[in-house]
*Asks:* 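Right, I'll just put the structure down here and ask away after.
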Amino acid sequence: MIINNITAERAMSQISSPIPLIDFSQFSTTPGQREEFLAQLRYAAREIGFFYLKNHGVDAQLLKDVQRVARQFFALPEEDKLAVAMINSSHFRGYNRAASEMTRGQPDWREQFDLGAERPKLPVTESTPAWARLQGPNQWPEALPELRPLLLRWQREMTAMSLRLLRAFALALKLPEEAFDPLYGEKPNEHIKLIRYPGRTPGAGNQGVGAHKDSGFLSFLLQDEQRGLQVEVEAGQWVNVLPVPDTLVVNIGELLELATHGYLRATVHRVVSPPEGDERLSLAFFLGAQLDAVVPLFPLPAELAKEARGEASDPLNPLFRDVGFNYLKGRLRSHPDVAQRYYSDLLVANITG
């Protein structure tokens, strides 16, 4: 659940944290407050790549309900969760046990449930791009019928809010407010993860999720009261992104960095497993462009363009401007069992880079 109080120690840590806290309500008030908000957004996205967002407009009771039903899902008997295992879905939807997903070749100690936009499966022919196989229906557990309507409602509210925030990003970059709209159209690539991090066992490693950058445009995280998320603000310098009540944690994805030639920053982050006997619940929403979109290089004004650092593409995990191809590459790397079952032809062609 969302916490209602914080210990004095945590409060002091939050005051000194380099992760900015931004008030989205300022975007809809006076012109002066809007300009202040856009300046804060530009600073946070460029210098840190992470920020807390308050007054985001997503219904508070809905967030509590989603957290509640997520806990109920992970508390189901294993047979009910395995009935919707991701290995049954060529669209990478469904449940994974802890250590099923990989980051940089190492297993992540978390169990999770993935879903995307609820759309019909596309017909596939020899000329169909490989990423078209990603579109399709989600899997839903029969043992928890409440899960589907709640998550689909949350997905709709998060999509509306995040597209509005993306328009704010366009203004912060001194672009037309609708600059990013053509990338999303009617079919944005919405992705939700319900994640449970079990406490680490004695002698085990502490990789809840290994160090990585997110591959899409914007990521949003609803944390519970358990700490664990860390951001690398400078090389080798990790800071805790502690839970702050009534906020979402927002971070920049690699495609937004690519679109701005590195003016905005996709930041490396990781999750450290909770101590033995504890657990952490994290609910993530990822906003991506339409799978058939190609990300252009947006023409920033001269005063911003001169500060662009160039995108920091990892040679071991190169970025592609073709959204569907880039997203598929990430899925194949993260879920080798699903990749082997449904995409063995692409593995032979070494599409994963």
Side-chain angles (χ1 to χ4, degrees), residues 1-7 10-68 70 150-151 153-173 175 177-178 180-181 184 188 190 192 214 216-225 227 229 231 239-253 256 264-265 267 269 281-287:
M1 63 178 179
I2 299 177
I3 55 176
N4 295 315
N5 54 68
I6 315 171
T7 64
R10 281 188 179 177
M12 289 301 294
S13 298
Q14 289 161 7
I15 291 170
S16 61
S17 172
I19 309 301
L21 176 65
I22 297 179
D23 185 348
F24 199 10
S25 68
Q26 287 185 297
F27 187 54
S28 305
T29 53
T30 66
Q33 286 182 316
R34 171 179 275 215
E35 285 305 312
E36 181 181 352
F37 168 79
L38 295 177
Q40 292 173 350
L41 186 65
R42 187 167 53 247
Y43 171 84
R46 172 174 167 74
E47 300 301 331
I48 308 295
F50 267 76
F51 57 92
Y52 298 103
L53 187 68
K54 70 175 183 177
N55 293 323
H56 42 70
V58 180
D59 183 71
Q61 185 59 51
L62 174 62
L63 296 181
K64 293 178 183 178
D65 289 342
V66 170
Q67 288 180 311
R68 172 182 53 78
L150 266 178
L151 289 188
R153 181 188 164 198
W154 187 51
Q155 186 180 64
R156 289 192 299 271
E157 290 208 17
M158 290 297 297
T159 298
M161 181 273 294
S162 58
L163 289 175
R164 185 165 169 263
L165 182 61
L166 201 60
R167 285 191 163 196
F169 266 103
L171 292 175
L173 294 168
L175 297 170
E177 187 171 0
E178 300 81 14
F180 295 121
D181 287 12
Y184 292 88
E190 306 143 323
I192 284 175
D214 290 343
F217 264 70
L218 291 174
S219 302
F220 300 82
L221 195 67
L222 177 62
Q223 303 193 87
D224 70 357
E225 66 274 15
R227 64 197 301 167
L229 176 62
V231 171
V239 300
N240 293 313
V241 185
L242 298 172
V244 175
D246 303 320
T247 69
L248 296 170
V249 176
V250 186
N251 66 282
I252 307 304
L256 196 50
L264 298 184
R265 177 181 181 183
T267 306
H269 53 287
L281 181 73
S282 176
L283 308 182
F285 175 86
F286 305 94
L287 177 70

*Asks:* Looking at the rings of Y184 and F217, which for Trp means the six-membered one, are their centres under 6.0 Å apart?
*Replies:* yes
*Asks:* Between D65 and R153, is there a side-chain heavy-atom distance shorter than 4.5 Å?
*Replies:* no
*Asks:* Against H269, only a single residue in V249, L229, V239 fulfils side chain to side chain contact (heavy atoms under 4.5 Å, CB included); can you say which?
*Replies:* L229
*Asks:* Can you sort out the partners of S219 under side-chain contact (heavy atoms from CB on, under 4.5 Å), two or more places apart, ordered by chain and number?
*Replies:* D214, N251, F286
*Asks:* Using side-chain heavy atoms (C-beta onward) and a distance below 4.5 Å, is L283 in contact with F285?
*Replies:*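 Sidechains of F285 and L283: no contact.
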*Asks:* How many angstroms lie between CD in E177 and CG in L171, if you round to the nearest 0.5 Å?
*Replies:*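 Reported value, rounded in 0.5 Å steps: 4.5 Å.
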*Asks:* Out of T247, L63, D246, which residue meets the side chain to side chain contact (heavy atoms under 4.5 Å, CB included) rule with H56?
*Replies:*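 It is L63, the one option of T247, L63, D246 that forms the side chain to side chain contact (heavy atoms under 4.5 Å, CB included) with H56.
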*Asks:* Hey, what do you get for CG (L222) to CD (Q67), rounding to the nearest 0.5 Å?
*Replies:*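 If I round to the nearest 0.5 Å, the distance is 4.0 Å.
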*Asks:* Indicate the atoms forming the closest heavy-atom contact of L242 with Y52, along with that distance.
*Replies:* O-OH, 2.7 Å
*Asks:* Can you tell me how far the CZ atom of R164 sits from the OG1 atom of T159, to the nearest 0.5 Å?
*Replies:*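 Reported value, rounded in 0.5 Å steps: 14.5 Å.
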*Asks:* Any side-chain to backbone donor/acceptor pair from D59 onto Q61? Under 3.5 Å, distance only.
*Replies:*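 Looks like yes, one N/O pair under 3.5 Å.
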*Asks:* Just distance, no hydrogens or angles: give the donor-acceptor pairs under 3.5 Å from side chains in residues 37-48, sequence neighbours left out.
*Replies:*
| residue | atom | partner | partner atom | Å |
| --- | --- | --- | --- | --- |
| Q40 | NE2 | E36 | OE2 | 3.4 |
| R42 | NH1 | A172 | O | 2.6 |
| R46 | NH1 | Y263 | O | 3.2 |
| R46 | NH1 | E307 | O | 2.9 |
| R46 | NH2 | E307 | O | 3.0 |

*Asks:* Nearest 0.5 angstrom please: E225 CD to R227 CZ, how far?
*Replies:* 13.0 Å
*Asks:* State, yes or no, whether a side-chain contact exists between L173 and L264 at a heavy-atom distance under 4.5 Å.
*Replies:*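 A side-chain contact under 4.5 Å exists here.
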*Asks:* Answer whether the closest heavy-atom distance between the side chains of M158 and I192 falls below 4.5 Å.
*Replies:*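 A side-chain contact under 4.5 Å is absent here.
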*Asks:* How would you list, by chain and number, every residue that makes a side chain to side chain donor-acceptor pair (under 3.5 Å) with Q155, sequence neighbours excluded?
*Replies:* none
*Asks:* Using every non-hydrogen atom in the two residues, find where T29 and Q26 come nearest and quote the distance to one decimal.
*Replies:*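 Smallest heavy-atom distance, with atoms named: OG1-O, 3.0 Å.
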*Asks:* Are L248 and F24 close enough that some pair of their side-chain heavy atoms sits under 4.5 Å apart?
*Replies:*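 Heavy-atom side-chain distance check fails, nothing below 4.5 Å.
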*Asks:* When rounded to the nearest 0.5 angstrom, what distance separates CD1 in I22 from CG in L165?
*Replies:*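 Spacing of CD1 (I22) from CG (L165) equals 8.5 Å.
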*Asks:* Distance from F220 atom CZ to L287 atom CG, nearest 0.5 Å?
*Replies:*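 Reported to 0.5 Å precision, the distance equals 6.5 Å.
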*Asks:* Give the minimum heavy-atom separation between E157 and G57, together with the two atoms involved.
*Replies:* OE1-O, 4.4 Å
*Asks:* Between P18 and P20, what is the shortest heavy-atom contact and its length?
*Replies:*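 It is O-CD, 3.2 Å.
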